[in-house]
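Worth knowing before you read on, the calculation uses all heavy atoms, side chains too, and leaves out hydrogens, waters and symmetry mates. Labels below follow one simple rule: chain letters A, B, ... track the order of the sequence lines, proteins then strands, and each chain is numbered from 1.
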2 protein chains.
Amino acid sequence: MSTAPIFRRVALIGFGLIGGSIARAARAQALASEIVTTARSEKTRARVTELNIVDRVLATNAEAVQDADLVILCIPVGACGPVTQEIAPHLKAGAIVSDVGSVKGAIVREMAPHLPANVHFVPAHPVAGTEHSGPDSGFAELFIDRWCILTPPDGTDPMAIEALGAFWAGMGAKVETMTPDHHDLVLAITSHLPHLIAYTIVGTADELAQVTSSEVIKFSAGGFRDFTRIAASDPTMWRDVFLNNKEAVLEMLGTFNEDLSKLTRAIRRGDGEALFEHFARTRAIRRGIVEIGQDSAAPDFGRPHPPLKKAE
Amino acid sequence: MSTAPIFRRVALIGFGLIGGSIARAARAQALASEIVTTARSEKTRARVTELNIVDRVLATNAEAVQDADLVILCIPVGACGPVTQEIAPHLKAGAIVSDVGSVKGAIVREMAPHLPANVHFVPAHPVAGTEHSGPDSGFAELFIDRWCILTPPDGTDPMAIEALGAFWAGMGAKVETMTPDHHDLVLAITSHLPHLIAYTIVGTADELAQVTSSEVIKFSAGGFRDFTRIAASDPTMWRDVFLNNKEAVLEMLGTFNEDLSKLTRAIRRGDGEALFEHFARTRAIRRGIVEIGQDSAAPDFGRPHPPLKKAE
Ligand SMILES: NC(=O)c1ccc[n+]([C@@H]2O[C@H](COP(=O)([O-])OP(=O)(O)OC[C@H]3O[C@@H](n4cnc5c(N)ncnc54)[C@H](OP(=O)(O)O)[C@@H]3O)[C@@H](O)[C@H]2O)c1
Ligand SMILES: NC(=O)c1ccc[n+]([C@@H]2O[C@H](COP(=O)([O-])OP(=O)(O)OC[C@H]3O[C@@H](n4cnc5c(N)ncnc54)[C@H](OP(=O)(O)O)[C@@H]3O)[C@@H](O)[C@H]2O)c1
């Protein structure tokens, strides 16, 4: 049994971790009759041609969106406004225009004004990723069982929302709709603040006078190495996230700082009861995440462990 | 080819993640002629008997250390002083007494005064672990390629240090020696502060008014879920760590807070250059950790991804 592709032509602007994963998944699931792509640099376009995942690699954004039924910007948040302005005159009437940006309020503010009235604008954010980037980093399984959040403006054609939702569901994602502002609050705590904290602590460790960087690296298995993974994410992407979700991030930071002060005070006073109570409470959240399948129950994320060599 | 066991009788006081992993690894590698163990509760002792990993499960600490050549306390840091006092009269002359506590200055202060002059005291800390605990959580491969830090007091018999080092090396660990105070500084930044921060942010997320806990759990794949793993560690163990490594943790917290203020200011001002510069710098540390084999290079820690189901 087979279903017809959801879209005739899908155009991906940008082919990094997310664009490349969409291309691989959409092809594997036959969600489009044709997938075309472009990227800013000649180097990435050449590599995408070599990879042979998409039907055509085009030289410009204007050519890429030509005749496309679905256009997805898979580029840093800060680039979405200018690129939308550039492609707007070349969009087909009735096309769906979307993105994958990690911030949604700013995306709507920057993209919507440039779009002609005869296209459907359905911003999207797949809550999935890794610390790697570039055309080789994507994989078809990235979105499986992860949520993709759609933030369509009021009055968007329900058929367009449904078609884009079906496209994401076809790649294995679960689809949810909310307002851009609520998205930005939720992601501020579940993604943006964790990244900021991880970037901070890795920077702190790098500059200590009392402990050398090589010691930090050697003895990182006590917890620190998990933060370095997050702090190895793409700097351009994350700069754009913090520039474009300032208010929500600053708000969450304020609450975080209050809570950190409370725990600091408990440590200073030697208040074991307060510490124990806090540390016991946070376990329940972990359990919830594992229960709904948003993380592996395997210890240590299921990290590989080589076998013991027999004593000789 | 086979080597003789390093110790005749090894006694493990406590059989949780670390004690249970030592028992499994030492048995797999035949590092001891006999492994005996005990645990505080009847329940754990019964489970350890069932698991059938050690030679004998004893009812009391006093019985367990009888005639042992190596005694390792595998219990929370705060329990090490009282238990040392309890076992001291029953130790064999010439025995090596060690521990696995995540803090070392306090361990030396709490344990050393109780020990008779005719035993060797070699504190140790294997920098390896998972968020799980209890008798079923251990596994023989836990210490492979991880460092085990020894902090012997000045004047300790070099033969005792060497024997304990060989025992840890036999379980796959790399062995390093340093002072207790330096250990506590290094671990404050590579393990204790990361845990404190993770516990804080998970607590913050749990109490927000604007975002529900179920949203936090659903959309945790953007980074937050990595923090919840760390914040799911044993509350008793971590209470004891913070009560016993107060000064070093507060010192690292001070530096962390300064750095967080700097990044917060950059966000508030929209200083993209400062953010980019910071985010680009922290990647190098991650590279160092992967290069020396302290973490997997696989994206996302090598987390499992189910395959795409074919569209039907
Ligand atoms: N990484 C994640 O975990 C994740 C998760 C969910 C959503 N997102 C969002 O997905 C988007 C892309 O992220 P990614 O991880 O796929 O990044 P990536 O791997 O670094 O790829 C970025 C792509 O954007 C292109 N690009 C960069 N700057 C551009 C500009 N100024 N104008 C036009 N194109 C530009 C790059 O072209 P060249 O290759 O030619 O330089 C590249 O093809 C971002 O908006 C991010 O917020 C990321
Ligand atoms: N978990 C890690 O990642 C890790 C890594 C390196 C070092 N360490 C250190 O290893 C030690 C043990 O940690 P773990 O992870 O193995 O803990 P665990 O799995 O919770 O096991 C703790 C063991 O200690 C016993 N115990 C608890 N409180 C006690 C008390 N007051 N008196 C006597 N025995 C007591 C428990 O007995 P019952 O089962 O009968 O309650 C249990 O057998 C700690 O000092 C910790 O700092 C832990």
Please look at B:D234 and chain A and tell me whether the side chain, the backbone, both or neither of the residue comes under 4.5 angstrom of a heavy atom of that chain.
both
Does any backbone or side-chain atom of B:A297 lie under 4.5 Å from a heavy atom of chain A? Answer side chain, backbone, both or neither.
backbone
Between B:H182 and A:Q210, is any side-chain donor less than 3.5 angstrom from a side-chain acceptor?
no
Portion of B:E277 that has a non-hydrogen atom of chain A nearer than 4.5 angstrom
neither
Would you indicate whether the side-chain heavy atoms of B:R146 and B:P126 approach each other to under 4.5 Å?
no
Please classify the contact between B:L193 and chain A as side chain, backbone, both or neither, with a heavy-atom cut-off of under 4.5 Å.
both
Contacting moiety of B:M171, where chain A heavy atoms sit under 4.5 Å:
backbone
Turns out that what part of B:E251 lies under 4.5 Å from chain A's heavy atoms comes down to side chain
Looking at A:D184, is its backbone amide N or carbonyl O close enough to the side chain of A:N245 to form a donor-acceptor pair, meaning the two atoms are under 3.5 Å apart?
yes
With chain A, the option among B:S233, B:S137, B:S213 that has the most non-hydrogen atom pairs under 4.5 Å is B:S233
At a 4.5 Å cut-off on heavy atoms, which part of A:I189 comes close to chain B: side chain, backbone, both, or neither?
both
Okay, B:E176 and chain A: the region with an atom under 4.5 Å from a heavy atom over there is side chain
Using ring centroids (six-membered ring only for Trp), state whether B:F279 and A:F242 fall under 6.0 Å.
yes
Top of B:L275, B:T255, B:V186 for chain A proximity - count of heavy-atom pairs under 4.5 angstrom:
B:V186
So which part of A:I230 gets closer than 4.5 Å to some heavy atom of chain B, the side chain, the backbone, both or neither?
side chain
Could you look at B:I292 and say if it's the side chain, the backbone, both or neither that has a heavy atom under 4.5 Å from chain A?
side chain
Below 4.5 Å from any heavy atom of chain A, which atoms of B:D240 appear? Answer side chain, backbone, both or neither.
neither
Interchain contact, A:L250 with chain B, by part (heavy-atom threshold 4.5 Å)
side chain
Interchain contact, B:I201 with chain A, by part (heavy-atom threshold 4.5 Å):
both
For A:I289, which atoms come within 4.5 Å of any heavy atom of chain B: side chain, backbone, both, or neither?
both
Checking B:P307 against chain A: side chain, backbone, both or neither under 4.5 Å from a heavy atom?
backbone
Contact part of B:F227 toward chain A, heavy-atom cut-off under 4.5 Å: side chain, backbone, both or neither?
side chain
Pairs of heavy atoms under 4.5 Å with chain A: top-ranked of B:H125, B:E131, B:R287
B:E131
At a heavy-atom separation under 4.5 Å, does B:V290 approach chain A through its side chain, its backbone, both, or neither?
neither
I need the residue from A:G302, A:A232, A:A298 with the largest number of non-hydrogen atom pairs under 4.5 Å to chain B.
A:A232
Contact origin within B:F139 toward chain A - heavy atom pairs under 4.5 Å:
side chain
